[in-house]
Amino acid sequence: MSSSNTGIEWTDKTLNPSTGCTKVSPGCRHCYAEALTQRFTNSFPEGFDLTLHPERLDQPRRWRTPSRIFVNSMSDLFQEDVPLSYLQEVFAVMKETPWHIYQILTKRDQRLVELAPELELSDNIWMGVSVESQTYTKRIDAFYIIRSICLLEISFMMLLFMH
């Protein structure tokens, strides 16, 4: 499920080259993406199991109007089961479409740091980490490690709901 329109106020479109995820921290407890897969079972026949969608990788090339694109609103791109080769395909598409800005959030900061040197990062890719509580502020350290490679966003949205 990718969308040329979205209700997310800080982005214009979504691109989901994968869907489904595994829970890695308490911030995953009330996952909106998992709830959507349960509500719209026809759109998500695999439920919330990790599913790669390589057929979606060409979508940004067809979107001619420059847009902010939230990548993987229905998953975490840096899950351990997403192959490096697939991540490289996703990042190549983002680099090849510099008229868009790509926004990626992950709770898997360690894998982000590990794989960043293997990915084609560019100025139009905004990497980010989600921090849902004080316990997980260590994810911010990824910023210091990869900061010379790309912009890093930090999402504190879940802090509002987790106190």
Side-chain angles (χ1 to χ4, degrees), residues 1-3 6-37 48-52 57 60 66-163:
M1 182 177 214
S2 295
S3 173
T6 178
I8 303 170
E9 64 186 29
W10 45 265
T11 198
D12 302 315
K13 303 176 189 292
T14 59
L15 173 67
N16 286 290
S18 67
T19 54
C21 204
T22 56
K23 296 180 185 313
V24 294
S25 67
C28 300
R29 187 176 313 135
H30 302 289
C31 178
Y32 74 88
E34 183 177 27
L36 283 175
T37 65
F48 207 55
D49 292 340
L50 176 64
T51 308
L52 304 181
L57 292 178
S67 301
R68 293 169 300 171
I69 301 171
F70 181 22
V71 179
N72 266 26
S73 64
M74 297 297 295
S75 185
D76 188 323
L77 196 56
F78 286 92
Q79 291 181 77
E80 291 72 17
D81 290 338
V82 176
L84 173 59
S85 60
Y86 189 67
L87 286 170
Q88 289 170 325
E89 287 181 59
V90 172
F91 276 78
V93 168
M94 292 187 290
K95 187 174 183 179
E96 292 167 10
T97 53
W99 58 91
H100 297 307
I101 293 173
Y102 294 92
Q103 302 162 306
I104 304 171
L105 289 172
T106 185
K107 288 183 178 77
R108 291 162 172 88
D109 57 300
Q110 292 176 339
R111 189 151 194 250
L112 166 61
V113 169
E114 172 191 333
L115 298 182
E118 306 294 323
L119 302 173
E120 292 190 64
L121 299 172
S122 57
D123 292 343
N124 66 322
I125 300 172
W126 295 0
M127 298 298 306
V129 293
S130 295
V131 176
E132 66 263 30
S133 70
Q134 183 71 31
T135 304
Y136 296 96
T137 57
K138 65 182 185 246
R139 291 180 184 151
I140 298 169
D141 291 344
F143 172 77
Y144 300 106
I145 297 168
I146 67 169
R147 70 175 174 214
S148 63
I149 300 172
C150 63
L151 174 66
L152 188 91
E153 299 176 347
I154 303 169
S155 171
F156 291 103
M157 290 173 37
M158 292 305 296
L159 288 175
L160 299 172
F161 306 104
M162 300 296 294
H163 49 54

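Scanning both residues, Ala116 and Leu121, for their nearest heavy atoms gives O-CD1, 3.9 Å. Nearest heavy-atom pair, Met127 versus Phe78, reported as atom, atom and distance to 0.1 Å: CE-CE1, 3.4 Å. Lys138 approaches Thr135 most closely through the heavy-atom pair NZ-O, 4.0 Å. Across all non-hydrogen atoms, the minimal contact from Val82 to Asp76 is CG2-O, 4.4 Å. What you find for Arg139 and Ser130 is that their closest heavy atoms are NH1-O, 2.7 Å. Ile140 and Val131 get closest at one heavy-atom pair: CG1-CG2, 3.9 Å.
In this structure the side chain of Ile104 reaches within 4.5 angstrom of the side chain of Met94, judged on heavy atoms. Counting only heavy atoms from C-beta outward, the side chains of Leu119 and Gln88 approach each other to under 4.5 Å. Looking at His100 and Leu15, their side chains never come closer than 4.5 Å, going by heavy atoms from C-beta outward. Contact check for Asp109 versus Tyr136: no side-chain heavy atoms found under the 4.5 Å cut-off. Looking at Arg108 and Cys21, their side chains come closer than 4.5 Å, going by heavy atoms from C-beta outward. The closest side-chain heavy-atom distance from Val113 to Gln110 is not below 4.5 Å. Using a 4.5 Å cut-off on side-chain heavy atoms (C-beta onward), Pro83 and Leu52 make contact.
Side chain to side chain, Ser75 and Asn16 fail the donor-acceptor criterion of an N or O pair below 3.5 Å.
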* Asked: Taking it one step at a time, do Glu96 and Glu120 satisfy side chain to side chain contact (heavy atoms under 4.5 Å, CB included)?
  -> CA-CA 10 Å; Glu96 292 167 10; Glu120 292 190 64; over 6 Å; no
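Under a 3.5 Å cut-off, the side chain of Glu118 and the backbone N or O of Leu115 do not form any donor-acceptor pair. Between the Thr11 side chain and the Phe70 main chain, a donor and an acceptor come within less than 3.5 Å of each other. Under a 3.5 Å cut-off, the side chain of Tyr102 and the backbone N or O of Phe91 do not form any donor-acceptor pair. Judged purely by atom type and a 3.5 angstrom limit, Gln79 uses its side chain to pair as donor or acceptor with the backbone of Gly20.
Here the OG1 atom belonging to Thr14 is positioned 9.0 Å from the CE atom belonging to Met74, to the nearest 0.5 angstrom. Here the CG atom belonging to Asp12 is positioned 8.0 Å from the CD atom belonging to Gln103, to the nearest 0.5 angstrom. Taken from OG in Ser18 to CG in Asn72, the straight-line distance is 3.5 Å, to the nearest 0.5 Å. Taking CD of Glu132 as the reference point, atom OG1 of Thr137 lies at 10.5 Å (rounded to 0.5 Å).
Under a cut-off of 6.0 angstrom, the local environment of CG in Asp81 is sparse, with at most 12 non-hydrogen atoms contributed by other residues, nucleotides or ligands.
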